[in-house]
Amino acid sequence: MIGIDLAKIERFTRARERHGDAFLRKFLGEDELALVRSDETAAGFWAVKEAASKALGCGICSDFGWHDVVIGKTPLGAPTITFSPRVLEKFGIKSASASISDDGGFAVAVVAIEI
């Protein structure tokens with residue numbers, strides 16, 4: 001299953017200017033927050049979570065919330081994704097991978113999930 005999402009970086013810049021890290025905490029955990037050093041990264045992480053929900057065919061909902069997927073990075077900086085035990089069991093996820101890119105004021109993410 002594959003999901004894709006596109007996020008406008010300016011939206012994250014405005015939200016952080018108005019609400020600071022409180023905005024980021026709505027969709028990121030503490031470990032993820034530690035990785036966010038720019039609005040481009042924040043937008044990319046948002047896009048990964050949206051793309052994962054789309055790959056599962058459910059969107060962000062009671063079956064799959066913002067904190068049910070955690071984004072990390074490998075030592076070389078590639079994104080990793082880990083799902084909560086509840087989501088792993090509910091959807092039967094065997095493996096997943098993500099790719100993030102940004103350019104021209106947008107961040108895009110693609111998530112592939114094997115079920």
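Side chains are part of it too, since the values below use all heavy atoms of this structure and drop only hydrogens, waters and symmetry mates.
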Taking all non-hydrogen atoms of both residues, which atom of [X] and which atom of [Y] are closest, and how far apart?
{"X": "R86", "Y": "G65", "answer": "NH2-N, 4.3 Å"}
{"X": "C58", "Y": "C61", "answer": "O-SG, 3.7 Å"}
{"X": "A109", "Y": "A51", "answer": "O-CB, 3.8 Å"}
{"X": "A98", "Y": "P79", "answer": "O-CG, 3.4 Å"}
{"X": "R37", "Y": "A34", "answer": "NH2-O, 4.0 Å"}
{"X": "R25", "Y": "H67", "answer": "O-NE2, 3.4 Å"}

I81 reachable from I93 in the ILVMFWY side-chain graph, under 4.5 Å edges: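 Yes.
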Co-membership, hydrophobic cluster, residues V48 and L88, 4.5 Å side-chain: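 In one cluster: yes.
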Sub-6.0 Å ring centroid separation between F12 and F23: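 Yes: the rings meet the under 6.0 Å criterion.
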Would you give the length of the straight line joining atom [atom1] of [X] to atom [atom2] of [Y], rounded to the nearest 0.5 angstrom?
{"X": "R18", "Y": "T13", "atom1": "CZ", "atom2": "OG1", "answer": "11.0 Å"}
{"X": "S53", "Y": "I60", "atom1": "OG", "atom2": "CD1", "answer": "4.0 Å"}
{"X": "R16", "Y": "S38", "atom1": "CZ", "atom2": "OG", "answer": "7.5 Å"}
{"X": "E10", "Y": "F106", "atom1": "CD", "atom2": "CZ", "answer": "9.0 Å"}
{"X": "L56", "Y": "F91", "atom1": "CG", "atom2": "CZ", "answer": "5.0 Å"}
{"X": "K54", "Y": "I113", "atom1": "NZ", "atom2": "CD1", "answer": "13.0 Å"}

For the backbone of [Y] and the side chain of [X], can you confirm whether one donor and one acceptor N or O come within less than 3.5 Å of each other?
{"X": "H19", "Y": "L24", "result": "no"}
{"X": "E32", "Y": "I71", "result": "yes"}
{"X": "K49", "Y": "F27", "result": "yes"}

Non-hydrogen side-chain atoms of [X] and [Y] separated by less than 4.5 Å:
{"X": "F83", "Y": "D68", "answer": "no"}
{"X": "F45", "Y": "L35", "answer": "yes"}
{"X": "K94", "Y": "I115", "answer": "no"}
{"X": "V87", "Y": "V69", "answer": "no"}
{"X": "I100", "Y": "V108", "answer": "no"}
{"X": "I2", "Y": "V110", "answer": "yes"}
{"X": "M1", "Y": "E114", "answer": "no"}

R11 to W46 six-membered ring, cation-pi geometry met (6.0 Å, 45°):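 Checked: cation-pi criterion met.
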Quick check on [X]: does its [atom1] atom have over 12 non-hydrogen neighbours (other residues, nucleotides or ligands) under 6.0 Å away?
{"X": "E89", "atom1": "CD", "result": "no"}
{"X": "K90", "atom1": "NZ", "result": "no"}
{"X": "K73", "atom1": "NZ", "result": "yes"}
{"X": "D21", "atom1": "CG", "result": "yes"}

